[in-house]
Amino acid sequence: MPIVTRRRLLQSLAGIGVGSVAFQRAIAAQVEGSGKVTPEMIAQAEWIAGIELEDSQRASVAEALEDNLQAARKLRELQIDVDEVPALVFRPDLFYRQANGSRESAEQPVPPKVEVNVAWSVQSDSLRSSDEDLAFAGISEQASLLATKKISSRELTELYLARLKKYDPLLHCVVTLLEEHALQQAAAADERRQRRASLGVLDGIPWVAKDLVAVPPWKTTWGAEPFKDQVRETTATVAESMRGAGAVLLAKVTLGALAWGDQWFGGLTRNPWNPEQGSSGSSAGSASAVAAGLATFALGSETLGSIVSPTTRCRTSGLRPTFGRVSRAGCMPLSWSMDKMGPIARHADDLALVFSHLIGLDGRDPTLVERSFRWPLSTRLSDLRIGVTTARLNKSETAALDYLRSEGATLVDLDLTCSVPEGPLNFILGVEASTVFDDAFREDQTADYGLWPSTFRESQFIPAIQYLRANRLRSRLIVEAEEKLSQVDLVLGGNDLLLTNLTGHPSLVLACGADELRGEIAAPGVVKLTAAAYREEMLLHVAHALQRALPPTPDRPPLDRWLQDLPEPIE
C-alpha cells in the first residue's frame, strides 16, 4: 500500500470537512509515514478539535478517510488543464431575478438586441497637426479620420508602435510586442476600406491585450515566471471578437503575477502619472498603456479590483461588466465565480463601443447570459435617481454629484449594508485560485508565483463544507444587493468593491475633472459608478455625460518630462 503523505491526508481531511485545521494537523502528525488511519488516531486528536466521538464513529471516520485517500490518489493521477471549468456553474442572474420578483422566467421571450449608434464627428482637423493629439483621440475620432482617408490604419498603428517602444522602458507595460502582426492587420484594414468593405467602427483601431488573453501562436505568460514561455492552443473569445471587428492587436501587456498586483516577472509596471509608483493591478499594463496613449483601448479583467484599481491609479476609464456578460473562455481563470473581462479606454463612449463587440454567447463559457444593449441612451439626467452612500467622496466625485444635482437628478441616501457580511466570504477567491493552480504549485512550490504562495497553502485547509456554506450565504447576499441597487439608477462613489465582485454587479471608473498628485502634479480625477445587474448602458450614459461636462484635466501625462527626469531605465 502506498505511504500516506502528510499533504495527502490533510487534503482528504479538509475535503470531507472533518474537524478544524488543528484536528486535521493532529491526525496528520500521527499517520504520516504509517500508511493507515486508525480509530485510535482519531480519538487522540479529538481534544484538539473540541469534539468527542463514540467508538463506532471513530471507526467510521477512519474508514472514510482511507477511502477518501484512495480516491484522492486516483484523481491526482488525471491531468487537467486550467481551461476545464468545474461542473458547478455560478449563475447570479437566477438570483437577480429573484430579487426583482421575476424568477419564474428563466429565458427572455424576445431575443436580446445590441443597438449601437455611432456618431462620427471630428471637431476640427487639428488632430492631424500633432501625433500626440492623434494618439490620445477616441475611437470615434480615429474612425472618422480612417473613414475619410485622412489617415490610414498603418499610419495609426506605426504611431502607437513607436510610442510603445519609446515609453515602455519607462513604464514596463509590454510583455510581447507584435509589430509585424500589427502592421499586417493594419494593411488588411486599409485594404478593406479601399474596397468599401469596412468591418465597422473598430476596423483598423489599435488595441492591447492583458497577457492572460490567449492569442496563439504568441506567448500568454499570465505575468508569472513559471509560465513565461507558455503558448496556449486556443484563442480567447474576446480576442476573436476583436479580430472579427478588425481591431489591430499591438501587444500583449503586463499583469501582476497570476493576476495579483502590478509586479510581473519582468519588473514593476509603472503609473504614467507618477512613474515612481506602480500602476496597481492586476490589469497593470492595460491601464498604464491606455493612460499613456500607447493604444486606443485595451482589454483587462477583474476578479477583485483588477480593472477598478489600476484605472483609478492611472487616471483612465474602465468598465467591469456584470458577471456573465463577457466570455472568459481562453483567458486565464483565477476564480470561476468571480472573473470578469472588460474594456479599458480613455473615453466613456470608447468603453461602450468596445463593450458592444464583447457581449454575447460563445458556446464556450457556461456562465454567459444574453441581455440587450443600447447605446447611446436618450434618458434625461433629470429623470435619474442617484444613490449616495455614507462613504467619503473624492474631489471629482463631489464635483460630479454637484453637476448631477444641478441637472435635476434626484439624490437618494442608500445603505448597501446587507445581512450577510461580505468580508468573511473573501476566502472563496483564494480557494478557487488555489484549485486552478493546484497541480502547478504542487509540482514546484519554490517557483515565483508572486503574492500567491501563502494563499495556495492556506486554502488546502479550508473544508468543502465551509466553501459551500459560504456560497449558500453568497446567494442571499446577491439577492439583497440587487434589491438595494435596483432602488436607484446607479450609485456614485462608495466602498463596494468586495460586495459587487462577490455579487457580480457592474462598476465603471471614469477619468473626470481635475485633481493633483502629491500636491504638485496636475492630473485628472476619477469617479466610480456602480449599478444593478445588466445596467452597463446606464453607467456608460451617465459617465459620458459627466466626462463631457467635467473633462479630464489635463488629458495626458507628461511622459517626456518623466523620460528627461529619469534618463536611465527603471529597474
Side-chain angles (χ1 to χ4, degrees), residues 91-93 96-97 100 102 105-120 138-140 143 199-203 205 207 237-242 244-247 297-302 307 317-329 340-345 347-365 367-381 383-384 482 485-486 488-490 500 503-510 529-547:
R91 286 289 301 273
D93 58 303
Y96 298 150
R97 294 191 190 100
N100 291 314
S102 58
S105 176
E107 300 295 335
Q108 290 186 308
V110 179
K113 296 181 180 179
V114 177
E115 301 176 1
V116 180
N117 180 20
V118 181
W120 290 348
I139 291 175
S140 294
L199 298 175
V201 67
L202 296 186
D203 200 358
I205 302 295
W207 69 291
T237 293
V238 291
E240 289 179 341
S241 298
M242 293 298 97
F297 70 92
L299 292 188
S301 68
E302 173 153 329
I307 290 176
S317 302
L319 173 64
R320 185 196 75 211
T322 309
F323 183 93
R325 290 220 73 173
V326 178
S327 174
R328 295 92 45 88
K340 299 160 287 288
M341 301 298 299
I344 293 175
H347 310 280
D349 53 342
D350 289 355
L351 297 175
L353 294 172
V354 177
F355 179 65
S356 70
H357 286 81
L358 296 175
I359 56 180
L361 304 183
D362 69 346
R364 298 171 62 188
D365 184 343
T367 69
L368 290 177
V369 296
E370 283 195 295
R371 291 295 185 275
S372 298
F373 177 71
R374 292 179 297 138
W375 174 262
L377 295 182
S378 58
T379 307
R380 296 178 301 180
L381 296 182
D383 293 334
L384 299 183
E482 176 69 5
L485 290 168
S486 295
V488 294
D489 290 291
L490 56 80
T500 54
T503 62
H505 287 96
S507 280
L508 188 151
V509 170
L510 178 72
L529 308 173
T530 305
Y534 311 117
R535 302 217 68 190
E536 288 87 356
E537 56 193 23
M538 181 58 70
L539 290 175
L540 291 160
H541 175 63
V542 174
H544 181 62
L546 289 174
Q547 204 169 49

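One is the number of the first residue; the rest follow in order along the sequence.
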Atom pairs and distances, side-chain donor-acceptor, residues 347-355, under 3.5 Å, sequence neighbours left out:
residue	atom	partner	partner atom	Å
His347	NE2	Phe136	O	3.3
Asp350	OD1	Ile139	N	2.9
Asp350	OD2	Ile139	N	3.3

Considering residues, nucleotides and ligands other than Arg364, do more than 12 of their heavy atoms fall under 6.0 Å from its CZ?
-> yes
How long is the span from the [atom1] atom in [X] to the [atom2] atom in [Y], to the nearest 0.5 Å?
X      : Y      : atom1 : atom2 : answer
Thr500 : Leu485 : OG1   : CG    : 8.0 Å
Arg320 : His505 : CZ    : NE2   : 10.0 Å
Ser317 : His544 : OG    : NE2   : 12.0 Å

Got Ile344 and Phe297 here, is their nearest side-chain heavy-atom distance under 4.5 Å?
-> no
Indicate, with yes or no, if the rings of Tyr96 and Tyr534 have centres closer together than 6.0 Å.
-> yes
Full working for side-chain hydrogen bond (donor to acceptor under 3.5 Å, both in side chains) between Glu536 and Thr322 | CA-CA 8 Å; Glu536 288 87 356; Thr322 309; 2.7 Å; yes
Would you check, one step at a time, whether the test salt bridge (Lys or Arg N to Asp or Glu O under 4.0 Å) holds for Arg374 with Glu115?
-> CA-CA 5 Å; Arg374 292 179 297 138; Glu115 301 176 1; 5.2 Å; no
Any donor-acceptor N or O pair under 3.5 Å, side chains Thr530, Ser507 = yes
Residues passing the salt bridge (charged side-chain N to carboxylate O under 4.0 Å, His left out) test with Asp362, sequence neighbours excluded, are none
Looking at Met538, His541, Arg535, which one forms a side chain to side chain contact (heavy atoms under 4.5 Å, CB included) with Leu490?
-> Met538
